[in-house]
Amino acid sequence: MKITAGLGCIDDYVRLVKSGADEVFCGFVPFSWNEKYGTLFPLNRREVLYYNVQIGSFEDMKILKKMVEKYKVPVSITFNYLYYLKEQYEEIEDIINKLMDIGFRDFIIADLSLIMYLRKRGIDCFIHLSGECAEINSHSIDFFNKFNISRYIFHRKNTFEDMKSCIENNKVKDLEYEAFILNEKCHFTGAFCSSFHCDELVHLCKVPYELGKVREDEGILKSIDDFEEDEDIEEEDSYKAGSTGCGLCALKKLKECGITHLKVVGRGNYIDIMEKDVEALRKAIDIMNKCTDEDEFKERVKKEIFDNKCSKECYYYK
Amino acid sequence: MVKEEVSFVPQGLITCFLNDKEVRILKISKDTLTVRVSEKENIQSIKVCFYKFNKYSYEKISIKNFKILKEEEEEFCIKYVILIDSNEFSINVKESFNSYSKYIMLKNFGEENEFSQHMVGYPNDKDFEFYRYYFKQKKNWMESLNYEESENIDVELAVKLDNDVYYKEYINRDIQSFKEYYYKENFIKNAGVFKTHIKRIYIGNEFCHNLFPGEKLLMEIINKTYIENLNITLCFTYLRECYIEKNKNIIEKVYDFCTKNNKKIEIVINDWGMIKLLQGKEDYFNLVLGVLLNKRKKDPRYLYKKGCFKERERLGKNSLNSKDFREFLKEYNINRYEYESCGYDIDIPEGKSSLQVPFYVTNTSQYCPLYAVCKNRARGKQVLVKSCEKYCREYVFMYPKHLKMVGRYNSLFAFDDTILRDADKLKNYFNKGIDRLVLNFI
């Protein structure tokens, strides 16, 4: 299984590679896009300007290509916003063509209309179907196969049985399948999240809320007044892998499902943290390769990586 | 490092062009720039662009007086350190530093959402005022509306049944009595466009796989709508792999009914995998693109989002405004699109479109967050729920009053009253191509 890690700026590429990443993914947003569309019509799912989460110039992409030529760790580029406007397809096509001229061929895309447009225009790039697209099942894979998708990315809220079934039932063989493994577990599903993720507003799912009742009569739970949601685990000052979302214990099961790539989310995260994330994942993969027994594997991961104090922010419960 | 020099300011905030090539600024101070390029450049011109948040635009400054202080060749790039002699540049650098550092301080150390209050006037002080009961909240939302003037709008009126309570009430009442019940339950006055007879029933939940009626109940409802001479739209949500067979069986059953009774119905799809399940049944099934696939920006705070007013025309568009995409959907028998009224004017394309009012979904999760809180005491402790206790019958997530939002079922919804306040807006939609109003009270 290969590790694909998020890259916020090209300066972090070498460190990610040396920490054990087999692949890296990044966002590319040139000034021409920001000037025309701002963050209201983002090019990918990092809908911000105030963070180092995008690579912004073709010059930097050329420099990145030189790094790739030396270190041989490929880079895929995300164009994974939920949808684009018709007027933007041509501009995106132009950007993708320029990136392909530089030497990049893998693009992560969520918008079916854009995929359709690119294929109609004869752009023969490799497309990874983003987890932000929609639900993935064997019928939807069948539907998307006509667009020559080279990799399917399962969103976080998938069961092992479902992923395994999708992969086994895919008539097109030898494709790649990616699953989330670390960071940014969200209470909702990205593909069905229409709200803003911008500089000036907190994410809608983080707006304060309370458990309330539909009506004043009694409910099946004990009195609402007695109800208190367990508080989120307080962030510790020291690093802990998976503190915002983790699937490390699920590695063995993911491998059995047929998952080929593991996504470490974190474009724009501090490189120190990303390095540690990739190292922890690499260590977990090594443990997995040495363990035949599932329980033994989980026990060793919890002990050797988490010192028996994992975050319990599990992506995959079963 | 030079005094007051900052490294790696995000490129979206300040960027640089050398000879019209965009380059990364590695360091910047009020009189120096360090940039990098892939190959040596004979630098003839420099332009620096500063993002001005309040203007939602960039200020571009051409640098007339500059001097290359250093050219450093590194393994993968060439770096240039450039001395800038420009008062305009200096001023903009200082302003950018001030605004960026203020943002960082507020984001990291400010009170709850203080940065939002500072940047866009978001009323973060109101974020902790909640209603206690959803029924009261809904009443409050509806009672201040006046839609009497929306009379004489010729439109098909539909009602969405998307939970067990509605299914049961519909089965146990005739359509007129059900309408009265529905209107009373949702504080709808029988006035204006709502005086119109209900002509169509939507059956099923577009967001939660556990709120679709069981097979027996579904066929009872379909039978009843048929007897009452009402049109039928069946709504499906995302299709989980483990539910493919179950949905396949439901579809076969419904198709049997349609063929026996020579009755065409609509099917709202929210999953591309549904197309395969519905193939070969175009004689009786017309497909409709559901709201989970008809993607657009939806957020009750949109008035605070920078650029929303300036870009209101673009905001109203999405993939469906592409004729090619609509033609593609037609190949799969998708000829109608479901929209939700969501605060701003939507650009309705050619074709058949429904407008759902007054709720719009902003977030959905296949792993129910409400179930997670009620069962596991934490919204993050989510699992795929196959046998559901239907906590949503009695519980919701209450959100700040000023946002007019609610966490209902496995989703977050916002309440949009704009077209219920303004009959002209409603008429405008019908003039633009909406031919159906769907009441989607939750």
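Chain identifiers are assigned alphabetically (A, B, ...) following the order of the sequence lines, protein sequences preceding nucleic acid strands; residue numbering begins at 1 within each chain.
- Heavy atoms of A:Tyr37 lying under 4.5 Å from chain B belong to its backbone as well as its side chain.
- For the pair A:Arg119 and A:Phe147, the NZ or CZ position fails the cation-pi test of under 6.0 Å to the six-membered ring centre and within 45 degrees of the ring normal.
- A:Lys65 does not touch chain B: none of its heavy atoms, backbone or side chain, sits under 4.5 Å away.
- Of the atoms belonging to B:Asp127, heavy atoms from both backbone and side chain fall under 4.5 Å from chain A.
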Report the C-alpha distance between B:Tyr395 and B:Tyr134 in whole Å, list the side-chain angles of each, state the deciding distance to 0.1 Å, and finish with yes or no for ring-ring contact (aromatic ring centres under 6.0 Å, His included). CA-CA 9 Å; B:Tyr395 296 95; B:Tyr134 173 55; over 10 Å; no
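- Of the listed residues (A:Lys206, A:Gln88, A:Lys146), the greatest number of heavy-atom pairs within a distance under 4.5 Å of chain B belongs to A:Lys146.
- Heavy atoms of B:Tyr56 lying under 4.5 Å from chain A belong exclusively to its side chain.
- For B:Leu292, the parts lying under 4.5 angstrom from a heavy atom of chain A are both the backbone and the side chain.
- A cation-pi arrangement, defined by a distance under 6.0 Å to the six-membered ring centre and an angle within 45 degrees of its axis, is present between B:Lys47 and B:Phe17.
- Only the backbone of B:Val9 comes within less than 4.5 Å of a heavy atom in chain A; its side chain stays farther off.
- For a residue to count as touching a neighbouring chain, one of its non-hydrogen atoms must lie under 4.5 Å from one of that chain's; by this rule B:Lys107 touches chain A with the side chain only.
- When heavy atoms are compared at a cutoff of 4.5 Å, B:Leu293 approaches chain A solely by way of its side chain, counted from C-beta outward.
- Both the backbone and the side chain of A:Asn52 come within contact range of chain B, with heavy atoms under 4.5 Å apart.
- Considering only residues two or more places apart in sequence or on other chains, A:Cys198 meets the side-chain contact (heavy atoms from CB on, under 4.5 Å) condition with A:Phe196, A:Glu200, A:Leu201, B:Lys305.
- The ring-ring contact (aromatic ring centres under 6.0 Å, His included) test with B:His209 singles out one residue from B:Phe236, B:Tyr238, B:Tyr367, and that residue is B:Tyr238.
- Residue contact with chain B, scored on non-hydrogen atoms closer than 4.5 Å, involves the side chain of A:Asp60 exclusively.
- Cation-pi contact between B:Arg379 and A:Phe188: absent, since separation from the ring centre below 6.0 Å together with deviation from the ring axis within 45° is not met.
- By the 4.5 Å heavy-atom criterion applied to side chains, B:Arg326 and B:Lys323 are counted as neighbours.
- Neither the backbone nor the side chain of A:Tyr13 comes within less than 4.5 Å of any heavy atom in chain B.
- For a residue to count as touching a neighbouring chain, one of its non-hydrogen atoms must lie under 4.5 Å from one of that chain's; by this rule A:Glu69 does not touch chain B.
- In terms of non-hydrogen atom pairs under 4.5 Å with chain B, the most contact-rich of A:Lys185, A:Met61, A:Lys86, A:Met116 is A:Met116.
- A:His203 touches chain B through its backbone: at least one of N, CA, C or O sits under 4.5 Å from a heavy atom, while the side chain does not.
- Only the side chain of B:Pro369 comes within contact range of chain A, judged by heavy atoms closer than 4.5 Å.
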As a quick check of understanding, evaluate side chain to side chain contact (heavy atoms under 4.5 Å, CB included) for A:Leu112 and A:Phe143, giving each step before the final call. CA-CA 11 Å; A:Leu112 169 60; A:Phe143 174 80; 3.9 Å; yes
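- By the 6.0 Å and 45° rule, B:Arg296 does not stack over the aromatic ring of B:Tyr360.
- Interface residue B:Arg408: only side-chain heavy atoms are found under 4.5 Å from chain A.
- At least one side-chain heavy atom of A:Asp111 sits less than 4.5 Å from a side-chain heavy atom of B:Ser319.
- Scanning for side-chain contact (heavy atoms from CB on, under 4.5 Å) contacts around A:Asn44 gives A:Val29, A:Arg46, A:Gln54, A:Thr78, A:Asn80, A:Arg267, with sequence neighbours left out.
- Looking at B:Leu18, there are no atoms closer than 4.5 Å to chain A (heavy atoms on both sides), in backbone or side chain.
- Heavy-atom distances place both the backbone and the side chain of B:Leu13 under 4.5 Å from chain A.
- Both the backbone and the side chain of B:Phe8 come within contact range of chain A, each with at least one heavy atom under 4.5 Å from a heavy atom of that chain.
- With a 4.5 Å cut-off on side-chain heavy atoms, B:Arg240 and B:Leu384 count as touching.
- Classification of A:Lys62 and A:Glu59 as a salt-bridged pair holds, one side-chain N sitting under 4.0 Å from a carboxylate O.
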I'd like to know whether B:Met405 forms a side chain to side chain contact (heavy atoms under 4.5 Å, CB included) with B:Met398, so could you lay out the CA-CA distance, the side-chain angles of the two residues, the decisive distance to 0.1 Å, and finally the verdict. CA-CA 7 Å; B:Met405 259 179 82; B:Met398 304 304 289; over 6 Å; no
Show your reasoning for whether side chain to side chain contact (heavy atoms under 4.5 Å, CB included) applies to B:Val120 and B:Phe53. CA-CA 10 Å; B:Val120 292; B:Phe53 177 80; 3.7 Å; yes
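- Interface remark: A:Cys205 contributes backbone and side-chain atoms alike to the contact with chain B (heavy atom separation under 4.5 Å).
- For A:Tyr50, the parts lying under 4.5 angstrom from a heavy atom of chain B are both the backbone and the side chain.
- Both the sub-6.0 Å distance and the 45° axial angle are not jointly satisfied by B:Arg301 relative to the ring of B:Tyr304.
- Contact of B:Val23 with chain A is made through backbone and side chain together, with heavy-atom distances under 4.5 Å.
- Residue A:Phe41 touches chain B through both its backbone and its side chain, counting heavy-atom pairs closer than 4.5 Å.
- Both the backbone and the side chain of A:Met67 have a heavy atom closer than 4.5 Å to some heavy atom of chain B.
- For B:Asp271, the part lying near chain A is the side chain, with the backbone staying farther off; criterion is any non-hydrogen pair under 4.5 Å.
- Within a 6.0 Å radius of CD in B:Glu331, more than 12 heavy atoms belonging to other residues, nucleotides or ligands are found.
- Heavy-atom pairs under 4.5 Å with chain B peak, among A:Leu85, A:Thr189, A:Val48, at A:Thr189.
- If you measure heavy-atom distances from B:Thr15 to chain A, the contacts under 4.5 Å come from the side chain alone.
- Looking at A:Asp199, both its backbone and its side chain come within 4.5 Å of chain B, counting heavy atoms on both sides.
- Looking at A:Lys164, there are no atoms closer than 4.5 Å to chain B (heavy atoms on both sides), in backbone or side chain.
- Your options are A:Ser140, A:Ser113, A:Gly245, A:Ser32, and the one with the most heavy-atom pairs under 4.5 Å with chain B is A:Ser113.
- Heavy atoms from other residues, nucleotides or ligands lying under 6.0 Å from NZ of B:Lys136 number 12 at most.
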